[in-house]
Amino acid sequence: MYHVATRGNNKHAIVRTDVHRNLWVKHVTRITRAYGWVVFAWCLMTNHYHLVLQIGDRGLSNGMRDLNGPFAREMNKRLGRCDHWFGKRFWSECFETDAHLLNACRYTDLNPCEAGMCEHPGEYVWGGYRAAVGIELPAPFHDVHGLHRLCGATTPREGATAYAEFVLSELQRRRAAAA
């Protein structure tokens, strides 16, 4: 189980329009299927992205190469660019416990709030929070049922409620600490 992230070269935008964002979703869907990844949380920001996932037997590094390389080449072609789209090699952190995994999911879903892009994670449409709490259907690669099971839930409604409470309690804690 891993939390992975990739940032744009020189912290520049990796996506600029919803067409670009949908293209990224298409690439992630392709790679998660090809590599047998299970994605519990995701967030596509302007200049980076996060995936919290369990890898399949084909590993992580080759999958990240096959995700970032073709996406970068397609974006360069679309925008008439050349050279590196992403900065450094992807960042990753491995987890040993479900609690650590859940904390990474929460961190990922709160990332747009931390960046000042929204007040509540339910306002941000280019991440998995809205699907995790039952506001919309999940992206093709997003395993909300797996996330709900990590929360100890046995039904989708119970899982959505448990995860929302888990995320929002941290958001409230952060706001109280900042006040």
Side-chain angles (χ1 to χ4, degrees), residues 1-8 11 14-15 18 21-22 24-29 31-33 35-56 59-60 63-64 67 90-179:
M1 298 181 288
Y2 289 90
H3 177 188
V4 297
T6 303
R7 186 175 304 280
K11 298 183 180 181
I14 61 171
V15 291
D18 285 352
R21 291 175 185 90
N22 283 313
W24 182 85
V25 168
K26 181 179 124 186
H27 279 273
V28 174
T29 300
I31 293 303
T32 56
R33 289 179 180 156
Y35 281 82
W37 292 352
V38 177
V39 176
F40 298 106
W42 67 280
C43 186
L44 176 61
M45 302 289 283
T46 304
N47 71 351
H48 70 284
Y49 69 82
H50 296 267
L51 296 170
V52 179
L53 52 87
Q54 181 175 8
I55 62 170
L60 179 64
M64 291 299 291
L67 170 59
F90 69 92
W91 169 89
S92 68
E93 179 181 15
C94 182
F95 308 125
E96 298 295 327
T97 67
D98 288 349
H100 197 173
L101 175 67
L102 271 171
N103 283 329
C105 291
R106 177 171 61 189
Y107 172 87
T108 296
D109 285 329
L110 287 174
N111 203 251
C113 299
E114 283 294 307
M117 298 174 81
C118 59
E119 290 291 317
H120 185 282
E123 298 168 10
Y124 193 74
V125 299
W126 293 103
Y129 179 81
R130 294 169 57 83
V133 299
I135 296 172
E136 66 187 23
L137 294 174
F141 57 82
H142 188 192
D143 183 11
V144 296
H145 300 300
L147 177 60
H148 293 164
R149 284 190 299 276
L150 288 169
C151 293
T154 57
T155 67
R157 180 178 293 225
E158 186 181 297
T161 300
Y163 189 68
E165 290 172 357
F166 177 69
V167 172
L168 297 179
S169 67
E170 176 64 11
L171 181 62
Q172 291 168 348
R173 187 198 65 75
R174 289 178 185 183
R175 288 185 177 154

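The first residue in the sequence is number 1, and the count goes up from there.
No more than 12 heavy-atom neighbours from other residues, nucleotides or ligands sit within 6.0 angstrom of OH on Tyr107. For Arg174, the CZ atom counts as densely surrounded, since its 6.0 Å shell holds more than 12 non-hydrogen atoms of other residues, nucleotides or ligands. In this structure, His120 places its NE2 atom where more than 12 heavy-atom neighbours from other residues, nucleotides or ligands lie under 6.0 Å away.
Leu44 approaches Tyr124 most closely through the heavy-atom pair O-OH, 2.5 Å. Pairing each heavy atom of Trp42 with each of Asp109, the nearest pair is O-OD1, 3.9 Å. Scanning all heavy atoms of the two residues, the minimum distance from Trp37 to Gly56 falls at CD1-N, 3.6 Å. Pairing each heavy atom of Gly8 with each of Ile14, the nearest pair is CA-CG2, 3.3 Å. Between His3 and Trp91, the shortest heavy-atom distance links the atoms O-CZ3, 3.4 Å. Closest non-hydrogen pair, Gly122 versus Ile135, comes out as CA-CD1, 4.4 Å.
For the pair Pro140 and Val28, the minimum side-chain heavy-atom distance is 4.5 Å or more. Looking at Glu114 and Met45, their side chains never come closer than 4.5 Å, going by heavy atoms from C-beta outward. Taking 4.5 Å as the limit, every side-chain heavy atom of His148 sits out of range of all side-chain heavy atoms of Glu158. Between Arg21 and Val125, the closest side-chain pair of non-hydrogen atoms is not below 4.5 Å. No side-chain heavy atom of Gln54 sits under 4.5 Å from any side-chain heavy atom of Asp143. Side-chain atoms of Leu67 and Phe90, non-hydrogen and from C-beta on, never get closer than 4.5 Å to each other. Two residues are said to be in side-chain contact when any heavy atoms from C-beta on lie closer than 4.5 Å; Cys105 and Tyr163 meet this criterion. Looking only at side-chain heavy atoms (C-beta outward), Pro112 and Glu123 stay at 4.5 Å or farther from each other.
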Could you walk me through whether Asp18 and Trp126 pass side-chain contact (heavy atoms from CB on, under 4.5 Å), step by step?
-> CA-CA 9 Å; Asp18 285 352; Trp126 293 103; 3.4 Å; yes
Could you walk me through whether Tyr2 and Leu51 pass the side-chain contact (heavy atoms from CB on, under 4.5 Å) check?
-> CA-CA 8 Å; Tyr2 289 90; Leu51 296 170; over 6 Å; no
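Note that OG1 of Thr32 and NE2 of His27 are 12.5 Å apart. Values are rounded to the nearest 0.5 Å. Atoms CG and NE2, from Leu137 and His142 in turn, are 12.0 Å apart once rounded to the nearest 0.5 Å. Rounded to the nearest 0.5 angstrom, Tyr35 OH and Met64 CE are separated by 11.5 Å.
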I'd like a table of donor-acceptor pairs (distance under 3.5 Å, sequence neighbours excluded) in which one partner is a side-chain atom from residues 96-104, with atom names and distances.
unit_1: Thr97; atom_1: OG1; unit_2: His100; atom_2: N; d: 3.1
unit_1: His100; atom_1: NE2; unit_2: Glu93; atom_2: OE2; d: 3.2
unit_1: Asn103; atom_1: OD1; unit_2: Arg106; atom_2: NH2; d: 2.8
unit_1: Asn103; atom_1: ND2; unit_2: Ala99; atom_2: O; d: 3.3

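The side chain to side chain contact (heavy atoms under 4.5 Å, CB included) with Val39 is formed by just one residue from the set Leu53, Val144, Leu147; it is Leu53.
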